[in-house]
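Structure, as structure tokens:
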Amino acid sequence: MTQSVVVQVGQCGNQVGCRFWDLALREHAHVNKRGLYDEALSSFFRNVDLRKSDGGDCCVGGRIQHLKARAVLIDMEEGVVNGILQGPLREVFDSTQLLTDVSGSGNNWAVGHLTYGSAYREAIVNKLRKAAEHCDCLQCFFLIHSMGGGTGSGLGTRVLSLLEEEFPDVCRIVTAMYPSAEDDVITSPYNSVLAMRELTEHADCVLPVENQSLVDIVNKISVMSHGAKPGSVLRKDSTVTSGQGSLSPTEKPFDAMNNIVANLLLNITSSARFEGSLNMDLNEIAMNLVPFPRLHYLVPSLTPLYTLADVNIPTRRLRPSLPFVSWNQEGWKTGLCSVPPVGHSHSLLALANNTCVKPTFMELRDRFTKLYRKKAHLHHYLDVDGMEQSIFSESLSSLSELIDEYHQLDATKARLIPDAPRLSIAR
Amino acid sequence: MSVVTVQLGQCGNQVGQQLFDVISSDAQDGQRKTYSSVSWERFFRQTSQGDFEARAVLVDMEPKVINHSMNRAAKSGRWRYAEASHFSQKQGSGNNWANGYRVLGPRHRDAVEELVRREVEHCDALAGFIPMMSVAGGTGSGVGTFVTQCLRDVYPSSFVLNHLTWPYGTGEVIVQNYNSVLTLAHLYQLSDALLVHENDAVHRICSQQLNLKQISFGDINRVIAHQLAGVLQPALTPDSCGAYSGNPLGELVSALACHPEYKLLSACSIPQMASASIAFSTFSWPALLKHLRQMLIANTKMEEGIDWQVRPPPASASRTSSLTAGGFNASLANLLILRGKDVYSAETGGFEDPAIYTSWLPPAEALSLWKSPVPFDKYEKSATLVSNSQALLRPLDDMVRKAWNMFASRAYIHQYVKFGISEEDFLDSFTSLEQVISSYAQLQC
């Protein structure tokens, strides 16, 4: 069984991460009735016997002593991480996994990426190394951060390139939260586009999550629960909808949205953690869903989110309605895992490498250009040591090229592409 | 003589476990002691405590499936896998043939060769190897191809018969066509023959013949295991002079794979029915053989819905442009294995008809007949046909066409280049398979 390390950066990254650890503990508690530290648990947790002097990691098979998350928490201001350390999850992290500072990044990508990136480079690499050393067989780094802020997007993407340098063979899956159009951070388009370039170049896969979509989903859920249609039942104990039954009694504002993202992460790794008749490893995700190195943005969808809907949709039924590129007409990769999530009998996670991300990226580019044309707020960035205007223009062209590549694939949609002429063999 | 099976990857390990299950249950039920003892000796060895351990080496790059298979075997009570005969790693091949063939295979070569060597040493006489794998994934296909190469290098005079499972055409793994093309092209040079089961065909057997509703991979694997056991269980062959043949792989290969261009073998068996129905059915050799012959020439794997209109084309017919003329499946060679009651009176003339064979091989050379008076797997009478024919031509052509279309846009190629397989290697593999396709398409002339 392989292990994964979660690296959560910035306010959003840490809040989502916190929900993830909460849900992961709940899922394992549900499945693991005998209190043994098994392979599934070891994929995200270490089992530590505090009485041992060498900081004793225990092997798989013994009783659970003390679970520690395989995580590194990074934030340039202390509020969120302190909140976690005072909350019910404090036992799951120890101080060696944290990296904090006091003043924050001021919503400035350059401060996060360049200033803090250089200042804390050694410390970050050390903590990552420590986490990796605790793993028997490290398969994947999950990086969680937002795109609109300063720490998450700036320092988060710096961590991404450090991961590529130090651990080139380990898969890097980034869950990136994209800001909605009404985001209160004015410079979020700048931060997002600057971060996008890093993601395109250094990540193996990116799961883009738009805040707007999460808001829509949560609203729909609350509409359903308040004016429930007959026949649709809202599962109260389902892990997607609320933190009820979880460790914290009160629910904070973004909790419902973050729960959805946390569930996404849980589902992706389920086949690697539990058995099934058609196992699917994380490196198989990258292999099958990324036909060209830069086009690695996988749009996630998850069901059920709120009803007891029957999740028996075989992929073959979906096929006729989805237009695939001509050279990948049956581009389905299937994994079957026999352990369902808590509170459900089935669930379905779909990851789609789909050109539908193109409009999102185009909007992002528009918002960026609106500010950039006027050079609004640019001086905040250019004042940072190491930041140059060329970085802006390069990031913009990286994004434009990406949009073009998606556009070309889209353009083949209506056209009937004939089979490529085959090699002819001399008789 | 004993056969050493090498189970590779998830599919190989799942099908292999089912195969040993069928064989052991058949050997145990056998009314004839000679049959049973030949069968046990061929596939199992007995420990000092009297337990039967399979002559198998289990290889996978991640541990879950091997553990599962070993547990299931032990639960059967009849047989088990030897404790030390498996090799696994922590992390899989990621569905990447290049990773399996260029990185993982060489990295673990010594460990796997050691396991094989120990198993071979337990054999009084080695009949050969059966590597079992799928062609769609990364370990079975990539590591499997590398291991087949090692077997060839270390045991150059032994027979190697690869059992391959081809994936559903509609996709289990997106890059399955690439992995399949690379595997088949390489194995064609390394293996003596390739015995193929297609998931699509076996699925149809399960749904239409066996009337199963929710078909799982377990059901598929059970059908494959049944057919494979029908081929491999002891039989009296023309060369074995009244005793059960001691050289099953050698005789199969020389009966069927007479030309290096033609190595693709497929199997079909009759009858195939839900076990509950067997007790209520009566079988006659004329009916069984008539259906089986039509299944061969109409290229269908089931007794249900056979197209009786398909006939061998008249001798004067000119070459047509389609791969197979009028749906007729021309054979190069056939091996017919009859098991059960009254085998000696079974009339097999239909399979000696020159019209069903290609013109450049006389039917007397093309048909081989094996018999066993012992009923197989609860069927009073049963027949298995292994044929070297055009049956796999269409699926192979589809596979190459889809892979070629994908290659034309260079999709996913960077994933293979990363591990050392270049575009040149792809082109070589495509060329080899186009040659195979062309050879099989010409069988009708």
Side-chain angles (χ1 to χ4, degrees), chain A residues 1-3 39 135-140 169-171 271-295 312 314-316 319 324-336 353 409 412 417-427, chain B residues 10-11 14 61-65 67-68 89-99 137-138 168-177 179 214 216-218 221 397 400-416 418 427 430-439 442:
Chain A
M1 193 74 57
T2 56
Q3 288 82 40
E39 294 277 7
C135 296
D136 214 353
C137 178
L138 176 61
Q139 183 170 68
C140 179
D169 296 331
V170 181
C171 193
S271 187
R273 291 180 287 133
F274 301 113
E275 257 185 34
S277 56
L278 195 54
N279 297 322
M280 192 189 70
D281 247 346
L282 291 166
N283 48 8
E284 291 176 22
I285 295 181
M287 174 67 181
N288 282 286
L289 293 177
V290 182
F292 302 105
R294 285 158 58 88
L295 303 184
N312 254 327
T315 53
R316 294 153 222 283
R319 196 172 21 118
F324 274 86
V325 279
S326 64
W327 41 261
N328 207 357
Q329 288 290 317
E330 288 119 6
W332 290 101
K333 164 69 181 164
T334 315
L336 300 170
N353 193 341
L409 289 172
T412 66
I417 311 282
D419 283 340
R422 298 269 289 273
L423 296 174
S424 50
I425 305 295
R427 295 212 189 279
Chain B
Q10 173 167 13
C11 175
Q14 284 172 339
M61 290 300 111
E62 57 107 5
K64 291 196 291 286
V65 181
N67 289 341
H68 193 75
Q89 288 294 281
K90 303 277 171 83
Q91 183 172 221
S93 308
N95 288 164
N96 191 323
W97 191 91
N99 190 12
Y168 285 103
T170 50
E172 299 161 26
V173 171
I174 296 182
V175 290
Q176 65 188 41
N177 296 312
N179 293 335
Q214 304 266 42
S216 65
F217 277 110
N221 294 342
D397 188 65
V400 172
R401 175 178 52 85
K402 289 182 200 167
W404 185 245
N405 280 337
M406 203 180 262
F407 185 71
S409 49
R410 298 295 186 272
Y412 299 100
I413 297 297
H414 69 286
Q415 309 269 18
Y416 291 83
K418 196 160 66 171
L427 283 171
F430 278 114
T431 313
S432 305
L433 291 188
E434 293 287 3
Q435 183 68 59
V436 172
I437 291 173
S438 162
S439 302
Q442 289 179 71

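What's counted below: heavy atoms across the whole structure, side chains too, no hydrogens, waters or symmetry copies. A, B, ... follow the sequence lines: proteins, then strands. Residue 1 opens every chain.
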Can a donor-acceptor pair be found, under 3.5 Å and without considering hydrogens, that links the side chain of A:Asn288 to the backbone of B:Ile174?
yes
Interface check, chain A: of B:Arg410, B:Gln435, B:Glu434, most non-hydrogen pairs under 4.5 Å belong to B:Glu434
Quick check for you: to the nearest 0.5 Å, what is the distance between B:Lys90 atom NZ and A:Gln139 atom CD?
12.5 Å
Can any side-chain N or O of B:Trp404 pair as donor or acceptor with the backbone N or O of A:Pro421 at less than 3.5 Å?
yes
Euclidean distance, B:Ser409 OG relative to A:Leu409 CG, rounded to 0.5 Å
8.5 Å
Distance in Å, B:Asn96 CG paired with A:Met287 CE, rounded so as to fall on 0.5 Å steps
3.5 Å
Going from CG on B:Asp397 to CZ on A:Arg422, what distance comes out if it is rounded to the nearest 0.5 angstrom?
4.5 Å
A:Val290 vs B:His414, side-chain contact (heavy atoms from CB on, under 4.5 Å): CA-CA, chis, key distance, verdict
CA-CA 10 Å; A:Val290 182; B:His414 69 286; 4.3 Å; yes
Chain A contact via B:Phe407 - side chain, backbone, both or neither, heavy atoms under 4.5 Å:
neither
Quick one: which of A:Ala420, A:Ser424, A:Ala286 has the most heavy-atom pairs under 4.5 Å with chain B, could you say?
A:Ala420
Report yes if the side chains of A:Glu39 and B:Asn67 come closer than 4.5 Å at any heavy-atom pair, otherwise no.
no
The reported gap from CD in B:Gln91 to CG in A:Asp169 (rounded to nearest 0.5 angstrom) is 9.0 Å
Closest contact, heavy atoms only, B:Met406 versus A:Trp327:
CE-O, 3.5 Å
Winner by heavy-atom pair count (cut-off under 4.5 Å) against chain A, out of B:Ile413, B:Val173, B:Val65
B:Val173
